[in-house]
Undergrad: 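Shown below is the structure under consideration.
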Amino acid sequence: MEAQAMATVKEALAALYHHPDDSIRTAADRWLQEFQHTLDAWQTLRSKVQRDFEELPSGAFRSLQDSLYALLKKFNKGPAKVRTQICIAIAALAVHVPVEDWGAGGIVNWLSDEMKAHPEFIPGFLELLIVLPQEISSYKIAARPERRRQVESDLCTSANVAISLLTACMAIDQLKEQVLEGFSSWLRFCHGISASELASHPLVHMALSSLNSDQFLEAAVNVTSELIHATVSYGSGTTAEQLPLIQILVPRIMGLNELLKDPSKDEEDVKAIARLYADMGESYVDLIAAGSDDSIQIVNALLEVTSHQEFDICSMTFNFWHRLKRNLIRRESYVSYGSEVLIEAERNRRLLIFRPKFESLVSLVSSRVEYPEDYHTFSEEDCRDFRHVRYAVSDVLLDATDVLGGDSTLKVLSTKLAQAYGSCNTKQNSKWQPVEAALFCIQAIAKSVSLEEREILPQVMSLLPCLPHNEQLLQTVCSTVGSFSKWIDAAPAESSILPPLVDILNKGMSTSEDTAAAASVAFKYICEDCRRKFAGSLDGLFQIYHIAISGVGGYKVSSEDSLHLVEALSVVITTLPPESARTALELICQPVINPLQELIQQGDQILQQIPARQLTVHIDRLSSIFSNVKHPAVVAEAVNRYWPILKTIFDQRAWDTRTMESVCRSCKFAVRTCGRAMGMTIGAMLEEIQTLYQQHKQSCFLYLSSEVIKIFGSDPSCADYLTNLIQILFNHTVQLLRTIQDFTARPDIADDCYLLASRCIRYCPNLFVPTEMFQRLVDCAMAGITIQHREACKSILSFLSDVFDLPNSSDGGNYREFINTIVLQRGATITRIMIAALTGALPSGRLEEVSYVLLSLSRAFGENMLNWARESINLIPPQALTDAERLRFLNIISDAASGSSLHTITDRFGEISDVCRRNKTVQDLVQSALRPHDLTFTVVPQQLS
């Protein structure tokens with residue numbers, strides 16, 4: 001928005017001063033006059049000071065300071081939004097200029113002098129005092145990292161002056177809220193004041209007394225939270241040193257407990273108090289976990305918050321329960337006890353103390369997932385919020401299982417289920433929601449329940465077929481069956497649990513699309529984990545499968561969910577001996593292959609015209625079969641048998657990206673499962689894709705080829721096939737990708753091409769590196785390094801780092817001469833482009849990948865790389881980098897060559913990157929100097945030392 005406003009201002013100014021039409025100039029003048037009264041104008045002013053201050057003449061600070069100061073006084077009483085923008089601009093100005101430009105003591109002392117000299121403007125000055133510590137570290141301000149650190153240090157030394165100014169203003173009642181906001185702001189910024197000093201400080205006592213004030217509650221809570229954080233912040237000292245303040249804070253906060261239950265309290269006030277309790281719990285969790293009587297009182301208060309009817313308030317405590325759980329179970333919490341015996345004894349003591357609290361927690365949160373009566377009127381956003389509630393509660397329940405154990409947590413939840421089912425089963429009350437909520441919670445902890453549990457789960461499983469078939473309840477019942485699939489497999493055979501549960505899943509698949517989705521997933525889990533129990537029941541499984549796949553028979557399984565059933569049958573087939581698996585595989589493939597054959601038999605014209613979906617729905621099922629039936633020889637026979645069908649689809653639909661992606665995915669899984677068992681089929685497949693790629697340029701052909709290289713790259717018998725494949729594919733690709741514009745237009749081609757190239761380096765370098773095509777691919781990569789597409793960029797950078805790393809790998813010595821010849825001729829250009837990428841040609845999110853390429857290049861080419869880097873860095877104009885920064889940049893590269901870690905190098909490169917990106921003007925200067933898209937602009941190549 002601000003960039004758009006700035007562009008409009010520039011257009012209006014150009015029209016005002018240069019347009020030949022008087023009416024246009026008049027309109028521009030009128031617009032500029034009106035613009036000055038908008039919030040956008042003040043945001044634009046703020047942004048210019050933040051980002052573009054260094055474009056001003058060196059002596060412009062004083063006039064800008066005077067202008068901003070005059071504006072602050074002018075808008076001393078508002079509008080508040082305008083005053084805030086002016087204060088942010090002044091804070092940004094303070095970052096840009098040395099402390100002495102503000103006079104002795106910097107901006108805070110300057111502000112102190114002005115407040116004393118002009119008390120009538122104190123509201124505006126207080127706003128600036130609030131904003132200063134908030135904005136001083138903002139990365140919106142185009143400051144160098146060392147300057148930012150210096151400003152933060154200078155401001156920290158002024159904290160006492162700022163606190164004194166706030167203290168002086170606290171007696172003025174109408175300024176009380178601003179004073180509290182300022183105090184919390186400075187506490188957040190700098191924790192340099194000792195606990196004993198804060199414990200007796202008048203601002204602290206004002207904040208704590210304001211906790212009982214409706215008018216100042218929010219501001220008082222913010223201060224109190226910051227005081228809590230100050231007592232546990234890094235460098236704050238020992239707990240004993242913080243006790244004077246803690247002993248004042250905790251009782252005052254605990255005294256607010258009754259306000260949580262006060263129905264007359266505003267909801268926002270209750271949220272503020274609840275946040276304070278949550279902050280207290282999280283910050284003092286180490287003290288609370290010791291289990292003292294005082295600790296238990298705090299835990300009881302947090303349970304009160306958890307019991308609040310509003311989920312937004314209740315959920316504020318969830319992170320506390322997670323931290324408390326982690327503290328109670330991790331060994332690090334007990335190392336001070338020394339011996340293992342004492343550690344175990346203390347751990348058991350604490351778990352025993354907190355066990356009832358976590359049982360109460362389970363009971364409290366389990367009711368939060370209950371469907372409301374009006375759920376059927378939910379909007380999409382309401383549904384999303386409800387799902388979020390359920391995910392959050394599931395996490396809390398899992399935390400509870402770590403303290404209580406899964407079986408004990410199950411016992412608590414089973415009580416809720418029994419109560420709900422008892423109520424649901426009466427004539428007076430047929431509510432299904434409590435039953436569904438209890439079941440949801442039970443399935444959420446399924447992985448924590450032991451496979452040996454024999455008390456509760458048999459009762460739960462026997463209850464499931466008796467429950468009403470409400471759609472939402474049935475959906476959760478199906479999910480519960482799937483969640484306990486491993487337990488069902490471990491259950492004694494004589495219990496006959498499985499058949500009635502399969503009947504439930506059948507019911508789910510025929511009720512609605514949502515229940516069918518849950519039932520399909522559950523069916524997959526049941527077949528995966530109970531596969532051996534199904535070995536004698538294949539006829540029943542195939543009947544379910546055929547009904548679902550055919551779409552007739554009443555099932556409401558979507559095409560996407562049918563893939564779960566395909567996978568389910570496939571994993572069962574894996575357990576069969578080869579002969580039985582061969583027959584079963586043919587049965588599972590028939591409903592998939594037959595529709596494809598029928599479409600092909602209708603002729604080429606029909607096959608070319610039908611929507612892709614009519615083909616891919618079947619091909620995707622075939623992919624799942626090839627992926628999940630783990631009988632390589634049996635699957636290879638099927639692939640060979642069905643290859644003519646796949647080849648026909650390849651030939652007739654090669655222009656159709658969606659269909660080709662589906663067919664290539666199917667072939668990829670066939671190659672992955674069958675490996676060398678594929679025999680001659682792999683040759684036919686390779687011949688097909690290399691021919692079609694030249695005609696239709698589908699990137700999925702490259703991806704399929706990379707899978708083939710991974711499986712067959714080291715097989716000498718495939719060398720001729722693979723050499724021909726990569727030469728043809730790469731030769732065609734480098735003709736498509738000549739400029740950065742080509743890369744931008746075809747990011748999928750670039751991505752899969754360089755994924756394939758990296759696979760060739762790793763699995764068959766002997767077929768690739770010594771060839772002319774390797775050299776051409778390096779040249780091609782140089783043109784595409786700065787592509788903005790994330791995955792394509794990462795593939796190119798990964799390829800380059802693989803190239804530089806190869807000579808130093810275990811088997812890479814044979815390729816050193818080839819690599820050296822190629823890189824030494826191009827090293828200066830590659831380095832220049834990579835430095836351009838680091839300094840702004842690529843998003844900062846690529847920093848780690850770019851850093852690794854520079855690290856690899858430095859380690860492989862040492863002194864040569866240093867010379868190339870020096871040449872490139874010297875191109876950057878002094879407005880962007882100082883001499884000291886250039887030297888630091890070069891030292892980072894030198895340290896990379898000497899063995900510094902990637903993490904260290906990335907952090908150091910990050911600072912240089914920030915300097916070169918600090919505003920658009922600087923970034924454009926750097927990129928104009930480095931010219932990353934000009935491959936002919938280079939320095940003379942250096943020779944190996």
Undergrad: Would you find a donor on one side and an acceptor on the other, under 3.5 Å apart, between the side chain of R390 and the backbone of R368?
TA: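 Flag not set: sc R390 to bb R368 has no pair under 3.5 Å.
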Undergrad: Under the 6.0 Å and 45° cation-pi test, does K73 pair with F75?
TA: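 Verdict for F75: no cation-pi partner in K73.
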Undergrad: Heavy atoms only: give me the nearest L847-G910 pair and the separation to one decimal.
TA: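 Reported closest heavy-atom pair: CD2-CA, 3.6 Å.
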Undergrad: Quick one: do E258 and K265 make a salt bridge, cutoff under 4.0 Å?
TA: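 Looking at E258 and K265, the cut-off is not met.
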Undergrad: Do S153 side-chain atoms and R149 backbone N/O form a donor-acceptor pair below 3.5 Å?
TA: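 Not confirmed, S153 side chain does not pair with R149 backbone.
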Undergrad: Measuring only between side-chain heavy atoms, which start at C-beta, is M170 closer than 4.5 Å to K176?
TA: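 When only atoms from C-beta onward are counted, K176 and M170 do not touch, as no gap falls below 4.5 Å.
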Undergrad: Report yes or no: do Y69 and E114 form a side-chain donor-acceptor pair below 3.5 Å?
TA: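 Yes - a donor-acceptor pair under 3.5 Å links their side chains.
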Undergrad: State, to 0.1 Å, how close E152 and F189 come at their nearest heavy-atom pair, and which atoms those are.
TA: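 That closest heavy-atom pairing would be O-CZ, 3.6 Å.
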Undergrad: Roughly how far, to the nearest 0.5 Å, is the CG atom of N212 from the CG atom of L217?
TA: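 Those atoms lie 8.5 Å apart.
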Undergrad: What is the distance from atom OG of S67 to atom CG of L93, rounded to the nearest 0.5 Å?
TA: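 Going from the OG atom of S67 to the CG atom of L93 covers 10.5 Å.
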Undergrad: Main chain of M280, side chain of S283: is a donor-acceptor contact present, judged purely on distance under 3.5 Å?
TA: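 No; zero donor-acceptor contacts below 3.5 Å.
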Undergrad: Pick from V299, V285, V403, D395: which one makes a side chain to side chain contact (heavy atoms under 4.5 Å, CB included) with W321?
TA: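 In the set V299, V285, V403, D395, the residue that makes a side chain to side chain contact (heavy atoms under 4.5 Å, CB included) with W321 is V299.
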Undergrad: Ignoring hydrogens and geometry, is there a side-chain-to-backbone donor-acceptor pair from N300 to I296 under 3.5 Å?
TA: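 Judged by distance alone, yes, a pair lies under 3.5 Å.
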Undergrad: Checking S209 side chain against H205 main chain: does a donor-acceptor pair fall under 3.5 Å?
TA: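 Yes, S209 side chain to H205 backbone: donor-acceptor pair under 3.5 Å.
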Undergrad: Charged N to carboxylate O under 4.0 angstrom, E120 versus K77?
TA: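 Looking at K77 together with E120, the answer is no, because their closest N to O distance does not fall below 4.0 Å.
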Undergrad: Taking the side chain as every heavy atom from C-beta outward, state whether L72 and C87 have any pair of such atoms under 4.5 Å apart.
TA: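 Side-chain contact under 4.5 Å: yes.
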Undergrad: For L175 versus P123, what's the shortest heavy-atom pair and its separation?
TA: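 Answer, listing the atom of L175 first, then P123: CD2-CG, 4.2 Å.
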Undergrad: For residues V393 and V365, report the shortest heavy-atom separation together with the two atoms involved.
TA: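 Residues V393 and V365, closest heavy atoms: CG1-O, 3.6 Å.
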Undergrad: With rounding to the nearest 0.5 Å, note down the distance linking NZ in K48 to CG in D52.
TA: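 Those atoms lie 3.5 Å apart.
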Undergrad: So does R144 pair up with E885, basic N to acidic O under 4.0 Å?
TA: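 Salt bridge: yes.
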Undergrad: Whether the side chain of T401 engages the backbone of L398 through a donor-acceptor N/O pair (distance < 3.5 Å, no angle test) should be reported.
TA: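 Between the backbone of L398 and the side chain of T401 there is a qualifying donor-acceptor contact (under 3.5 Å).
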Undergrad: As a quick check of understanding, evaluate salt bridge (charged side-chain N to carboxylate O under 4.0 Å, His left out) for K271 and E218, giving each step before the final call.
TA: CA-CA 9 Å; K271 282 184 179 179; E218 182 73 28; over 6 Å; no
Undergrad: Mind listing the closest non-hydrogen atom pair of I343 and V335 along with its distance?
TA: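 Taking I343 first and V335 second, the nearest heavy atoms are CD1-CA, 4.4 Å.
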Undergrad: Output the distance between atom CG (L245) and atom OG (S196), rounded to the nearest 0.5 Å.
TA: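 The CG atom of L245 sits 9.5 Å away from the OG atom of S196.
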Undergrad: As an exercise, state the distance from CG of L155 to OG1 of T157, rounded to the nearest 0.5 Å.
TA: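 Reported to 0.5 Å precision, the distance equals 7.5 Å.
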Undergrad: Is it true that R147 and Q150 share a donor-acceptor pair across their side chains at a distance under 3.5 Å?
TA: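 Absent: no donor and acceptor within the cut-off.
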Undergrad: So does V108 get a backbone contact from the side chain of S112, meaning a donor-acceptor N/O pair under 3.5 Å?
TA: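 It does not hold such a pair.
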Undergrad: Please indicate whether K74 has more than 12 foreign heavy atoms, meaning atoms of other residues, nucleotides or ligands, lying under 6.0 Å from its NZ.
TA: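 Incorrect, the count does not exceed 12.
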Undergrad: Using the six-membered ring wherever Trp is involved, compare the ring planes of H201 and F183 and label them parallel, tilted or perpendicular (cut-offs 30° and 60°).
TA: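 Judged by the thresholds at 30° and 60°, the geometry between H201 and F183 is parallel.
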Undergrad: What I want to check is whether the side chains of S47 and T44 have a donor and an acceptor closer together than 3.5 Å.
TA: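 Result is no, nothing qualifies.
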Undergrad: Distance-only, no hydrogens or angles: does the S913 side chain make a donor-acceptor pair with backbone N or O of F909 under 3.5 Å?
TA: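 Answer holds: no.
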Undergrad: Which value, rounded to the nearest 0.5 Å, describes the distance between C314 atom SG and H308 atom NE2?
TA: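 Reported to 0.5 Å precision, the distance equals 9.5 Å.
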Undergrad: Is there a donor-acceptor pair under 3.5 Å between the side chain of S210 and the backbone N or O of S213?
TA: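 No, because the side chain of S210 does not come within donor-acceptor range (under 3.5 Å) of the backbone of S213.
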Undergrad: Not counting sequence neighbours, which residues clear side chain to side chain donor-acceptor pair (under 3.5 Å) with R918? List them please.
TA: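 In terms of side chain to side chain donor-acceptor pair (under 3.5 Å), with neighbours along the sequence ignored, R918 is linked to E54.
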Undergrad: Students often mix this up, so state it plainly: with edges at 30° and 60°, are the rings of H118 and F121 parallel, tilted or perpendicular?
TA: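 Aromatic pair H118/F121 classed tilted.
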Undergrad: Between E346 and R350, does any side-chain N to carboxylate O distance fall below 4.0 Å?
TA: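 Result for this pair is yes, salt bridge flagged.
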Undergrad: Could you check S295 against S292 for side-chain hydrogen bond (donor to acceptor under 3.5 Å, both in side chains), going step by step and ending with a plain yes or no?
TA: CA-CA 5 Å; S295 297; S292 67; 2.9 Å; yes
Undergrad: Under 30°, 30 to 60°, or over 60°: which ring-plane class applies to F53 and H96, parallel, tilted or perpendicular?
TA: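 The rings of F53 and H96 lie parallel, inter-plane angle below 30°.
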Undergrad: Could you check whether D895 pairs with R908 (Lys NZ or Arg NE/NH1/NH2 to Asp/Glu carboxylate O, under 4.0 Å)?
TA: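 Looking at D895 and R908, the cut-off is met.
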Undergrad: State yes or no: are the ring centers of W110 and F125 separated by less than 6.0 Å?
TA: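 W110 vs F125: aromatic centres not under 6.0 Å.
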Undergrad: Under the criterion salt bridge (charged side-chain N to carboxylate O under 4.0 Å, His left out), I'd like the reasoning laid out for R888 against E146: C-alpha separation, chi angles, the key distance, then a yes or no.
TA: CA-CA 12 Å; R888 191 158 76 244; E146 63 271 21; 3.6 Å; yes
Undergrad: Of all heavy-atom pairs between T317 and L302, which one has the smallest distance, and what is that distance?
TA: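 That closest heavy-atom pairing would be CG2-O, 3.8 Å.
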Undergrad: Measure from the side-chain N and O atoms of R275 to the backbone N and O of V270, and report whether any donor-acceptor pair falls under 3.5 Å.
TA: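 Checking the backbone N and O of V270 against the side chain of R275, no donor-acceptor pair under 3.5 Å is found.
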Undergrad: Could you walk me through whether R355 and E359 satisfy the salt bridge (charged side-chain N to carboxylate O under 4.0 Å, His left out) test, starting with their C-alpha distance in whole Å, then the side-chain angles of each, then the deciding distance to 0.1 Å, before giving a yes or no?
TA: CA-CA 6 Å; R355 188 177 189 86; E359 288 175 347; 3.7 Å; yes
Undergrad: Could you go through Q43 and R46, starting from their C-alpha distance and side-chain angles, then the distance that decides it, and tell me whether this counts as side-chain hydrogen bond (donor to acceptor under 3.5 Å, both in side chains)?
TA: CA-CA 5 Å; Q43 289 174 336; R46 177 209 69 200; 5.9 Å; no
Undergrad: Taking CD in Q174 as the centre, count heavy atoms belonging to other residues, nucleotides or ligands within less than 6.0 Å. Is the count above 12?
TA: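 Yes.
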